[in-house]
Amino acid sequence: MSGAKMETPMTTTTVSMTVNGKQVSADVENRTLLVQYLRESLGLTGTHVGCDTSQCGACTIYVNGLPIKSCTMLARQADGAEVTTIEGLADGDTLHPMQEAFRENHALQCGFCTPGMVMSAIGIVERNKDSLDEKTVRHELEGNFCRCTGYHNIVKAILAAHKEMTA
Ligand code: FES
Ligand code: FES
């Protein structure tokens with residue numbers, strides 16, 4: 001019996017990227033989300049998953065200099081990218097000014113939303129270097145949920161970090 005041979009679709013792809021300054025490479029399933037790859041393959045569990053609807057922002061990281069929700073991107077789409085996660089922010093024992101501002105202003109309760117908040121907050125400061133007010137911070141934080149509802153101190157922390165980062 002003869003017949004056309006069915007091609008098996010390729011289900012894995014080799015991806016390479018720079019994560020927190022280190023070059024990494026792996027075979028990943030085509031359906032693997034970037035957040036899964038970071039957490040499950042690289043052990044970078046500081047990036048959290050707080051929803052399955054791309055709403056909570058707990059998974060926010062930087063890809064090629066821009067904050068993105070890493071549950072909205074496939075790992076293979078980040079091939080060749082420069083990725084920064086919460087683990088890549090501090091310089092040894094010295095916290096990033098945004099992390100320090102969150103600490104100083106008691107801007108966390110359970111801490112679940114904090115990594116995503118910090119990453120998004122850095123983006124807010126970078127987009128509003130010249131001036132930043134409370135209304136703008138609240139508006140730009142709409143993509144990040146804090147289930148402990150600690151927004152007041154989060155906003156205070158971001159405004160404090162803005163001063164520090166733009167001084
Ligand atoms: Fe990505 Fe909620 S886990 S937005
Ligand atoms: Fe608990 Fe934000 S500090 S979810």
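For ligands, and for the atoms within them, numbers begin at 1 and follow the listed sequence.
Interface of C71 with ligand 1, defined as ligand atoms under 4.0 Å from a residue heavy atom, comprises 1 (Fe), 3 (S), 4 (S). Every atom of ligand 1 with a heavy atom of V49 under 4.0 Å away is listed here by number and element: 3 (S). Heavy-atom proximity to K69, at under 4.0 Å, picks out these atoms of ligand 1: 4 (S).
Pocket lining of ligand 2, defined as residues with a non-hydrogen atom under 4.0 Å away: Q109, C110, G111, C113, C146, R147, C148.
Among residues at least two apart or in separate chains, salt bridge (charged side-chain N to carboxylate O under 4.0 Å, His left out) pairs with a member in residues 29-43 are E29-R31.
Between D27 and V15 the shortest side-chain heavy-atom distance does not fall below 4.5 Å. Between R76 and D79 there is no side-chain heavy-atom pair separated by less than 4.5 Å. Side chains of H96 and V118 form no contact here, defined as non-hydrogen atoms less than 4.5 Å apart.
Looking only at distances, a side-chain donor or acceptor of Y151 sits under 3.5 Å from a matching main-chain atom of C146.
Among the backbone and side-chain atoms of C59, none of the N, O or S atoms lies under 2.8 Å from atom 2 (Fe) of ligand 1.
Both I154 and I86 belong to a common hydrophobic cluster when Ile, Leu, Val, Met, Phe, Trp and Tyr are linked at side-chain heavy-atom distances under 4.5 angstrom.
Listed by chain and number, the residues in a side-chain hydrogen bond (donor to acceptor under 3.5 Å, both in side chains) with S25 are S16 (sequence neighbours excluded). In this structure, the salt bridge (Lys or Arg N to Asp or Glu O under 4.0 Å) partners of R127, at least two apart in sequence or on a different chain, are E140.
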